[in-house]
Asker: 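Structure provided below as structure tokens; questions to follow.
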Amino acid sequence: MSVTGVRRDAAQVPPIRGVAADLTDPDVDLPDLDADLLLVCLTADGRDEDAYRRTYVDGMLRGIEAVVRERTPSRAVLVSSTGVFGDVEGEVDESTPPAPSRPTARV
């Protein structure tokens with residue numbers, strides 16, 4: 001099994017194969033990422049709606065497209081914040097309805 005990490009700065013990837021790529025760049029040139037499993041943990045490069053859209057919508061799409069060129073992973077996990085759920089008291093799980101209160105959470 002091989003593991004590849006994609007990050008803006010490949011030197012910051014743990015001791016696995018690192019690929020430097022900024023998924024917010026529309027001209028990013030990603031290699032085919034032949035993956036059985038996909039773990040996505042993105043961080044926006046700003047705190048405004050445009051930065052969130054570049055990262056969590058456009059960047060996510062570019063990353064997924066690079067992975068599925070070879071084959072569709074059997075499982076994908078998205079690590080995200082709970083901001084899309086607004087001010088929820090108690091536990092948040094798959095059945096919790098989204099209720100974003102901030103513009104960035106709506107993105």
Side-chain angles (χ1 to χ4, degrees):
M1 173 174 73
S2 67
V3 178
T4 301
V6 178
R7 207 172 159 162
R8 287 184 189 103
D9 179 358
Q12 298 295 317
V13 175
I16 58 176
R17 175 182 171 225
V19 173
D22 183 350
L23 297 178
T24 64
D25 179 356
D27 298 320
V28 67
D29 185 23
L30 284 169
D32 288 343
L33 301 172
D34 183 11
D36 290 322
L37 304 171
L38 174 63
L39 172 67
V40 180
C41 184
L42 301 172
T43 303
D45 59 359
R47 294 198 169 272
D48 59 22
E49 288 178 77
D50 289 336
Y52 273 56
R53 186 168 287 103
R54 280 192 310 272
T55 302
Y56 299 111
V57 177
D58 302 335
M60 181 74 188
L61 181 60
R62 287 184 198 99
I64 289 172
E65 287 173 344
V67 171
V68 299
R69 272 185 252 161
E70 281 294 313
R71 67 179 142 143
T72 301
S74 61
R75 181 165 303 210
V77 176
L78 173 63
V79 177
S80 183
S81 75
T82 56
V84 297
F85 300 109
D87 296 325
V88 174
E89 291 187 30
E91 293 186 18
V92 173
D93 63 21
E94 293 83 6
S95 66
T96 306
S101 58
R102 294 182 323 271
T104 54
R106 283 192 283 280
V107 172

Asker: Could you note down all residue pairs passing ring pair (Phe, Tyr, Trp, His ring centres under 6.0 Å) where residues 26-72 supplies at least one of them, sequence neighbours left out?
Answerer: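 Qualifying pairs, neighbours excluded: Tyr52-Tyr56.
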
Asker: Taking only residues two or more places apart in sequence, or in another chain, which ones meet Gln12 in a side-chain contact (heavy atoms from CB on, under 4.5 Å)?
Answerer: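 Gln12 satisfies side-chain contact (heavy atoms from CB on, under 4.5 Å) with Arg7, Asp9 only.
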
Asker: Are Val19 and Met60 co-members of a hydrophobic cluster defined by side-chain heavy atoms under 4.5 Å apart?
Answerer: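 Yes.
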
Asker: Distance from Glu49 atom CD to Arg102 atom CZ, nearest 0.5 Å?
Answerer: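 That separation rounds to 11.5 Å.
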
Asker: So, for Ala20 and Ala10, which heavy atoms are closest and what is the spacing to 0.1 Å?
Answerer: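 Taking every non-hydrogen atom into account, N-CB, 3.6 Å.
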
Asker: Can you list the residues that meet the side-chain contact (heavy atoms from CB on, under 4.5 Å) rule with Val84, with sequence neighbours excluded?
Answerer: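 With neighbours one apart ignored, the set is empty.
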
Asker: Identify the heavy atoms of Val6 and Ala21 that sit nearest to each other, and give their distance.
Answerer: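 For Val6 and Ala21, the tightest heavy-atom pair comes out as CG1-CB, 3.6 Å.
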
Asker: Of all residues at least two apart in sequence or in a different chain, which pass the side-chain hydrogen bond (donor to acceptor under 3.5 Å, both in side chains) check with Arg54?
Answerer: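 Listed in chain order: Asp45.
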
Asker: With sequence neighbours excluded, tell me which residues meet side-chain hydrogen bond (donor to acceptor under 3.5 Å, both in side chains) with Thr24.
Answerer: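 Result, side-chain hydrogen bond (donor to acceptor under 3.5 Å, both in side chains) vs Thr24: Asp22.
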
Asker: Might you point out which heavy atoms bring Thr96 and Val92 nearest each other, and give the distance in Å?
Answerer: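 Heavy-atom minimum between the residues: OG1-CA, 3.5 Å.
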
Asker: Locate the shortest heavy-atom distance separating Ala51 from Ala44; write the atom from each residue and the value.
Answerer: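 What the structure gives for the nearest pair is O-CB, 4.1 Å.
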
Asker: Show the nearest heavy-atom pair for residues Ala105 and Gly83, with the distance to one decimal.
Answerer: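 Taking Ala105 first and Gly83 second, the nearest heavy atoms are CB-O, 3.4 Å.
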
Asker: Flag the pair Thr104 / Arg47 as yes when at least one side-chain heavy-atom distance between them is below 4.5 Å, and no otherwise.
Answerer: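 The answer is no; the side chains never approach within 4.5 Å.
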
Asker: Taking a hydrophobic cluster as the set of Ile, Leu, Val, Met, Phe, Trp and Tyr residues connected by side-chain heavy atoms closer than 4.5 Å, whether directly or through intermediates, do Leu61 and Val57 fall within one such cluster?
Answerer: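 Different clusters.
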
Asker: Looking at CG of Asp29 and CZ of Arg62, how far apart are the two atoms once the value is rounded to the nearest 0.5 Å?
Answerer: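 If I round to the nearest 0.5 Å, the distance is 12.5 Å.
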
Asker: Output all residues satisfying side-chain hydrogen bond (donor to acceptor under 3.5 Å, both in side chains) with Ser95, sequence neighbours left out; order by chain, then residue number.
Answerer: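 By the side-chain hydrogen bond (donor to acceptor under 3.5 Å, both in side chains) rule, Ser95 matches Asp93.
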
